[in-house]
Amino acid sequence: MENTPISNFLQTIISDDLAEGRVAEVVTRFPPEPNGYLHIGHAKSISVNFGLAQANGGRCNLRFDDTNPEKESQEFIESIQADVKWLGYEWSGEVRYASTYFQQLYDWAVFLVEQGKAYVCDLNAEEARLYRGTLTEAGKNSPSRDRSVEENLDLLERMRAGEFDEGAKVLRAKIDMASPNMNMRDPILYRIRKVTHHQTGNDWVIYPTYDFAHGQEDAIEGVTHSICTLEFEDHRPLYDWFIESLPVNSRPHQYEFGRLNPSYTITSKRKLKQLVDEDVVIGWDDPRMPTVSGMRRRGYSPTAIRKFCDMIGTTRSDGVVDVAMLEFAIREDLNENAPRAMAVLNPLKVVLTDYPVEQVEELVTPCHPSREDLGERMLPFTRELYIDADDFREEANKKYKRLVLGKRVRLRNAYVIEADEAIKDEAGNIIEIHAHTIPNTLGENPEDGIKPKGVIQWVSAAHGERAELRIYDRLFNHESPDKGDNDFMDHLNPESLSLVKAAWVEPSLKSAVPEQRFQFEREGYFVADRYDHSSERLVFNKTIGLRDTWNG
RNA sequence: UGGGGUGUCGCCAAGCGGCAAGGCACCAGGUUUUGAUCCUGGCAUUCAGAGGUUCGAAUCCUCUCACCCCAGCCA
């Protein structure tokens, strides 16, 4: 992958550290907890961490922060690895797990106890909350705070041995219950959880908390720049406290950046899970989901997602990014790289009355207007065709550039035709158009000088293929669905999915393979569904429409 | 109201004492067998606000205001 030059506050810090010799090699890490699928916000974190390592000749680890077995699973571990790979990144060495450091972490906990810097606390969760104080009032010391080192050592060992019930005891750091930073009020290092861990099985009944684990994991791996989001800023003093209190063999530093908030979307794992659990969407990889796997199924490319992350930059300010930028990124990639094809979503039959009944012309057409390397495909042209019902009107003003009775239009990549008659049923609905071709207009303008004003797509009625088209729109119709008093469930877009069960598409599409992307001309970008599409059943998902500046 | 942060065009974002990059969006033209693409031009006398320092401030100082995060044995 190309090393695009990055310029942001993190790169500045790294450049200085390298220049001053504070670090010899840049080591970062992407540390997801395997308790859900990756979403666009994670994609940004991945882009930041892997991107910085790449740009500075360093390395980036993939490390599962699996310190809370209750919420985690192997399913998520696998999906996360697949997503990172799909995005085009390669982690350094083997996949890491916080759980492989559990023994080291425990040894360090013992060390803190021996130093008189940690103690076993008997307060239950409710009591601990009361003792913690509030944002404006100092907390009170736990009655367990002054236990002897010997007693603490004994109790900790027995916690590990499973002698106590869940919640009965915790190990806490002895720092300062009056600290204005809540994280420093004797934070919890270990809690008792008698559950099977997806990696370590039943080896442990006590598990380290994020705070006690994260910085030490970084130190063990030699991470130099531990990059996370802004909400962890208050944890940095604690992160440093552990690193300075423990005999670790490297000195990582934590830096924070502002998390990504795209408009019209939510990125809370809890809320995304709710959408899945309540069947609002069909799963984590529903094409409407802002998950990496959802965007993949929707037709977004890794290139576009990475481009988007580069476009929005990395800063410490917290804002809402217009999804139009994401849409721009995917259009830019697909405009350049997606082969063109024709599809008719709302079919209206056209009979070319002057065209021989049995005749079939094989029109060889480029797959892309400027990319010759994308090849050609064959378009069969016949007497009966389908065009989109929206592309015909009995009468219209001059702004309308499609087919009108008595007027001409260009059939894309084929002839100019002129509409003669609209055939209607008893109810007055137009069911068929009779038209005729203008001679010698294949690749040429009409000889009489009367040029058609517009161009429309078409599919041969005799050769077209039926296809199911899934038309997606944004999942929410509110710019910030979950900000302030908003209940995101109140802002679901009822039209986020509409099915076109029987569109007509050009025959070349029969050979499309799952995940192949196309531009259906004048309609938008579509991708053959990753799971449901086959040559026997054509299924395409709409990724994004073409930019539309026509307000008529 | 304790602590930690952030405030530069509708949105994102450069800028780090010398006189406001860029992208998205938008608007106006041009090209065009996709009302797409592409091309050209427009789009902050002003940097949350008020004072101050300075020949000179978005950049330094002071105060004010707004918004975000923190009281999980979640991460």
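Quick caveat, the model's predicted, so the values are computed rather than measured.
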Exercise. Think Arg331(A) forms a cation-pi with Tyr525(A), using NZ or CZ under 6.0 Å from the six-ring centre and within 45 degrees of its axis?
Worked result: no
Across the strands shown, which category fits [X] at heavy-atom distances under 4.0 angstrom: base, sugar-phosphate, nothing?
X: Asn413(A); value: base
X: Arg522(A); value: base
X: Phe232(A); value: base
X: Arg172(A); value: nothing

Are OP1 or OP2 of [N] and a side-chain N or O of [X] less than 4.0 angstrom apart?
X: Arg410(A); N: U34(B); answer: no
X: Arg191(A); N: G72(B); answer: no
X: Thr315(A); N: C12(B); answer: no

Taking only the [atom1] atom of each, what is the distance from [N] to [M] in whole angstrom?
N: A21(B); M: G41(B); atom1: P; answer: 16 Å
N: G29(B); M: C43(B); atom1: C1'; answer: 15 Å
N: A57(B); M: C70(B); atom1: P; answer: 40 Å
N: G22(B); M: C60(B); atom1: P; answer: 24 Å
N: A14(B); M: G23(B); atom1: C1'; answer: 11 Å

Problem set entry | Heavy-atom donor-acceptor pair, Gln519(A) side-chain to U34(B) base, under 3.5 Å | yes
Exercise. Can you find a donor-acceptor pair, distance only, under 3.5 Å between Arg129(A) side chain and G72(B) base?
Worked result: no
For this session: Check RNA chain B against residues 179-186 of chain A and give the residues with a non-hydrogen atom under 4.0 Å, in numerical order.
Result: Pro180(A), Met182(A)
Seminar exercise, completed: In B/S/- notation (B base, S sugar-phosphate only, - none; protein heavy atoms under 4.0 Å), nucleotides 24-32 of chain B written 5' to 3' is S-S------
Problem set entry | salt bridge (Lys or Arg N to Asp or Glu O under 4.0 Å) involving Glu166(A) - partner list, sequence neighbours excluded | none
